[in-house]
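First comes the structure, then the notes that go with it.
Fair warning: this is a prediction, and the values are worked out from it, not measured in the lab.
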Amino acid sequence: MSSTLLRTVPALRGALRASGAPKAAGAMASTSFVRGKATLPDLSYDYGALEPHISGKIMELHHTKHHQTYVNGLNSALQTIAEAESKGDYTKAATVAPLLNFHGGGHINHSLFWENLAPASREGGGEPDGALKKAIDTDFGSFDTFRKQMNTALAGIQGSGWAWLVKDKSAGTLGLVTRANQDPVSGPYVPLMGIDAWEHAYYLQYENRKAEYFDAIWNVVNWKTVASRFEKS
């Protein structure tokens with residue numbers, strides 16, 4: 001198998017495990033990796049439940065069109081790789097590695113993103129408490145400083161990408177990382193909370209005023225799920 005595919009497949013496996021992605025995605029993190037198929041996860045809230053901060057139309061398109069495209073692309077890439085490997089055609093398998101990374105990352109990232117959100121009338125917004133709050137205060141100075149640094153990181157993304165609150169697996173400390181396009185968080189970091197900076201996440205409502213979107217989304221962050229991921233990582 002080519003070095004490109006050897007790097008991509010294990011990295012995606014690790015990201016799938018670390019992300020806590022839906023069971024269908026988790027099945028592909030098994031030793032065979034291609035067993036089963038990824039499926040579009042259900043949301044725990046209605047598309048319009050995050051309004052006025054994120055419009056129902058954006059949520060519907062983002063979930064049913066964009067995320068579904070990543071699911072379809074991931075399944076197609078995995079099938080192509082499996083068929084190529086069965087024939088010993090590792091060159092063909094390796095050429096699919098970029099698609100595996102892009103669509104697999106898109107599925108992982110969005111699966112976490114939906115879990116990171118909740119209606120402001122329920123568990124969305126505000127600030128974290130407990131162990132997560134203590135860690136944020138220790139590693140960033142304050143929640144307000146963390147939020148400003150996150151927004152600065154988002155504004156600095158050239159083109160499309162994500163900004164993530166992550167936990168260092170070895171040190172146990174929190175930090176911020178950005179990833180281009182749909183590259184998943186992997187390696188020494190566990191992704192805790194990510195904000196999608198792709199235009200499809202905000203343009204229908206905020207147009208070119210993406211800084212307004214970055215400010216608004218904090219009103220619907222589900223700190224309960226972020227805290228749970230932090231405590232289990």
Side-chain angles (χ1 to χ4, degrees), residues 8 11-12 14-15 18-19 50 52-55 58-59 61-62 66-67 69-70 98 101-117 124-128 132-133 135-223 225-227 229-230 233:
T8 301
L12 190 56
S19 72
L50 305 185
H53 310 293
I54 303 178
S55 75
I58 285 178
M59 290 297 295
L61 289 173
H62 200 168
H66 293 282
H67 191 171
T69 296
Y70 300 127
N101 183 75
F102 180 76
H103 292 292
H107 180 44
I108 292 167
N109 294 341
H110 284 85
S111 296
L112 287 177
F113 185 60
W114 309 133
E115 294 180 359
N116 286 342
L117 304 176
E127 299 183 13
L132 179 59
K133 174 178 171 52
I136 288 175
D137 288 344
T138 297
D139 295 324
F140 293 98
S142 68
F143 176 77
D144 188 55
T145 299
F146 155 65
R147 185 169 62 179
K148 289 178 180 177
Q149 289 184 9
M150 186 76 149
N151 281 3
T152 298
L154 286 161
I157 293 173
Q158 299 297 313
S160 301
W162 294 72
W164 293 92
L165 170 67
V166 299
K167 181 178 180 180
D168 187 296
K169 296 176 184 177
S170 299
T173 55
L174 300 180
L176 293 176
V177 299
T178 59
R179 293 290 183 267
N181 299 314
Q182 295 296 351
D183 289 354
V185 174
S186 59
Y189 301 121
V190 177
L192 303 180
M193 189 268 284
I195 295 179
D196 190 345
W198 280 65
E199 283 191 347
H200 63 235
Y202 64 85
Y203 198 83
L204 284 179
Q205 182 173 3
Y206 293 96
E207 296 179 334
N208 65 330
R209 306 183 307 277
K210 62 181 180 180
E212 292 182 20
Y213 158 70
F214 297 149
D215 284 335
I217 199 170
W218 294 95
N219 293 292
V220 290
V221 172
N222 188 339
W223 291 111
T225 61
V226 180
R229 196 170 289 121
F230 168 72
S233 61

Locate the shortest heavy-atom distance separating [X] from [Y]; write the atom from each residue and the value.
{"X": "A153", "Y": "A163", "result": "CB-CB, 4.5 Å"}
{"X": "S142", "Y": "I136", "result": "O-CG2, 4.0 Å"}
{"X": "V190", "Y": "S233", "result": "CG1-CB, 3.7 Å"}
{"X": "V166", "Y": "L176", "result": "CG2-N, 4.5 Å"}
{"X": "T69", "Y": "H103", "result": "O-ND1, 3.8 Å"}
{"X": "T225", "Y": "N222", "result": "OG1-O, 2.9 Å"}

To the nearest 0.5 Å, what is the distance between [atom1] ([X]) and [atom2] ([Y])?
{"X": "D137", "Y": "T145", "atom1": "CG", "atom2": "OG1", "value": "9.0 Å"}
{"X": "I108", "Y": "N101", "atom1": "CD1", "atom2": "CG", "value": "8.5 Å"}
{"X": "Q205", "Y": "H53", "atom1": "CD", "atom2": "NE2", "value": "9.5 Å"}
{"X": "E199", "Y": "K210", "atom1": "CD", "atom2": "NZ", "value": "8.0 Å"}

Over 60° means perpendicular and under 30° means parallel, so classify the ring planes of [Y] and [X], tilted if in between.
{"X": "W198", "Y": "F102", "result": "tilted"}
{"X": "W218", "Y": "F143", "result": "perpendicular"}
{"X": "Y206", "Y": "Y213", "result": "tilted"}

Go through the structure and list residues passing side chain to side chain contact (heavy atoms under 4.5 Å, CB included) with K148, not counting sequence neighbours.
->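 D144.
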
May I ask you to test the [X]-[Y] pair for a side-chain heavy-atom distance under 4.5 Å?
{"X": "L165", "Y": "F230", "answer": "no"}
{"X": "P191", "Y": "L112", "answer": "yes"}
{"X": "D196", "Y": "S160", "answer": "no"}
{"X": "H62", "Y": "Y202", "answer": "no"}
{"X": "H200", "Y": "L61", "answer": "no"}
{"X": "I157", "Y": "W162", "answer": "no"}
{"X": "L117", "Y": "I217", "answer": "yes"}

Short question: side chain of [X], backbone of [Y] - any donor-acceptor pair under 3.5 Å?
{"X": "R229", "Y": "L192", "value": "yes"}
{"X": "D139", "Y": "L174", "value": "yes"}
{"X": "E212", "Y": "E207", "value": "no"}
{"X": "H110", "Y": "G106", "value": "yes"}
{"X": "D168", "Y": "S170", "value": "yes"}

With a 6.0 Å cut-off on ring centres, are H67 and F113 close enough?
->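 Centroid distance H67-F113: not below 6.0 Å, so no.
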
Member of Q149, R147, M150 meeting the side-chain contact (heavy atoms from CB on, under 4.5 Å) criterion with F140 =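 Checked Q149, R147, M150 against F140; only one passes side-chain contact (heavy atoms from CB on, under 4.5 Å): Q149.
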
Examine the side chains of N109 and W164 and answer whether a donor and an acceptor come within less than 3.5 Å of each other.
->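 Their side chains do not contain a donor-acceptor pair, so the 3.5 Å distance test is not met.
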
